[in-house]
Structure formats: structure tokens, C-alpha cells
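Take a look at the structure set out below.
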Number of protein chains: 2
Amino acid sequence: MLWIMSRNPEEPVYNRIEEARAALGLSRQDLADRAGVHYQTIGYLEREEYSPSLVLALRIAKSLNQEVSELFSLTPLKKGK
Amino acid sequence: MLWIMSRNPEEPVYNRIEEARAALGLSRQDLADRAGVHYQTIGYLEREEYSPSLVLALRIAKSLNQEVSELFSLTPLKKGK
DNA sequence: TATTTTTGTTGCATTAATGCTATGTAGCAT
DNA sequence: ATGCTACATAGCATTAATGCAACAAAAATA
């Protein structure tokens, strides 16, 4: 059985995680700890190599004090706001 | 290689899909069409047998004219509101 | 400069999300 | 009774999300 490594799904989700994280002065490891995931998972998300599960999106939003819709979008996000 | 069928993850996400869908008088098939997924996927979600991907959560929220946070939660949701 | 911290990248393993088919049931019409 | 629609459930296949280890590259800082 072979698995073609995912990393780059067909359906991207744009996000503002890095921006929001930086605004709080948190490292990826810090955010990962708050959200209860591996720090590299945060990296994958910020690089938009894949989109998070809803559970993770909800945890990240809470960790960054943001609404899910403020952090994640099906359409490209502009900087700021 | 064997796969133990998922259906019942460890990390549940509570939702108000059925309620919101009924409020709009939509069948599962109707909502599935709008969200671009299989009608049984809606069933699984309503029965909370698993939680959706963020992509799907965003599409469902849009299909029901609701905020993601209004439809989905990491903690049990009370009826109404 | 040397050390430490943060981030990027690759590879592999596991589990969850989703599709699809088929079947069963219950309700509501003809 | 027959048919139709909506929903439940189960089996199997595929792909995505995540963990984790190892290592490289930057960047920050002592």
C-alpha cells in the first residue's frame, strides 16, 4: 500500500495565523502548546500546506482570541484587518 | 493494512446543523448540494459521528448563513439561540 | 564568533474525513 | 399495496491531517 504524502491539498484554506501569532509575540511552539498540537503543525498551517481540522481551527482561534472567520477563509486574505 | 473505520473520533465537535437546516426548510440532500458534499456526510455530521474539515465547516456555515462559531463548538450547545 | 531559538523541509506512520454503494426503515402520499 | 422521499447504518476505498524524528538554514542574542 502506498500513500502519496498529502502536503498541498486541492482545497486550500487561507489564514492569518502567522500575523495574529506575531501580534501576540508568540512563537510557533508557544501557539502549538496553547492549541495542544505539534509545533510543526503550526508551521504547515502558516505555510498553507494544508488546512486544519475544525477542532484545531477552533482551538487556534481561541488561543489567539479571534473568531474562526477572522483567521480562516476560503478566499485569499489581505494583510491587516 | 487495515483501517478501523473512524466513525466516532476522540475529539467531538458539537453542532447545530440540523436545527439551522430545518429552520431553512432544507433536506440533507439540499444542504449537501449547497456545500458540495455527499448527503450522507451531512448525516454523519448531524449525528456528530465525526467533525468536519475546516473547509467543509466554512462551506456549511456559508450555506446556512451562519457564523462558524454559531454552528460549531468544542462544548455542547444548547437548543435555540 | 559561538550558542540558542525559531523556522523550513523531508520522510514515514497513524487516524480521521469523505465518497460511494447497498440495504433497511418510516412516513406520506397516490 | 406501491412508490417516493428522508434518514440510518454498514462496508470499503481514498486522501488529508497530524505526529514525530532528523537535520538544515536563519535569525537572534550572548
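Every chain is numbered from 1, with letters handed out A, B, ... down the list of sequences.
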*Does a side-chain N or O from A/Ser27 land closer than 4.0 Å to OP1 or OP2 of C/dT5, or not?*
no
*asked:* Using OP1 and OP2 only, check whether a side-chain N or O of A/Ser53 sits under 4.0 Å from D/dA16.
replied: no
Return a table of donor-acceptor pairs under 3.5 angstrom between the side chains of residues 35-43 of chain B and protein atoms on other chains or two or more places apart.
from: B/His38; atom 1: ND1; to: B/Gln40; atom 2: N; distance (Å): 3.3

*Check whether any side-chain heavy atom of A/Lys62 lies under 4.5 Å from a side-chain heavy atom of A/Arg59, and answer yes or no.*
no
_Partner residues of B/Gln66 under the side chain to side chain donor-acceptor pair (under 3.5 Å) criterion, sequence neighbours left out_ = none
*asked:* Whole angstroms only, please: what is the CZ-C1' distance between A/Phe72 and D/dA17?
replied: 13 Å
*Check: A/Leu77 and A/Glu19 side chains under 4.5 Å, non-hydrogen atoms*: no
*Let me know the distance between CG of A/Leu31 and P of C/dT7, rounded to the nearest Å.*
10 Å
*To the nearest Å, how far apart are B/Glu46 CD and C/dA17 P?*
16 Å
*Looking at B/Ser51, does any N or O in its side chain come under 4.0 Å of the phosphate oxygens OP1/OP2 on C/dA16?*
no
*Rounded to the nearest Å, what distance is computed from the CD atom of residue B/Glu49 to the P atom of nucleotide C/dA17?*
11 Å
*Does B/Pro52 or A/Gln29 map to a spot on DNA chain C nearer the 5' end, using the closest nucleotide for each?*
A/Gln29
*Find which nucleotide of DNA chain D each of A/Leu56 and B/Asp30 is nearest to by heavy atoms, and output the residue with the more 5' nucleotide.*
B/Asp30
*asked:* Any base atoms under 4.0 Å from B/Arg21, or only sugar-phosphate, or nothing? Heavy atoms, all strands.
replied: sugar-phosphate
*Starting from P on D/dA17, measure out to CD on A/Glu48 and report it in whole angstrom.*
12 Å
*Considering all heavy atoms, the nearest A/Leu45-A/Ser51 contact*: CD2-C, 4.0 Å
_Whole angstrom value for the distance that separates P of C/dA16 from CG of B/Leu54_ = 18 Å
*asked:* So, taking the atom named CD in B/Glu48 and the one named CD in B/Glu46, what distance separates them when rounded to the nearest 0.5 Å?
replied: 9.5 Å
*Hey, does B/Ile60 have a side-chain heavy atom less than 4.5 Å from the side chain of B/Asn15?*
no
_Using whole Å, what does the distance between atom C1' of nucleotide C/dT7 and atom CG of A/Leu45 come to?_
14 Å
*Whole-Å distance between C/dT5 P and A/Leu26 CG?*
17 Å
_How would you summarise protein contacts on nucleotides 20-30 of chain D per nucleotide, using B for base, S for sugar-phosphate only and - for none, with heavy-atom distances below 4.0 Å?_
BBB--------
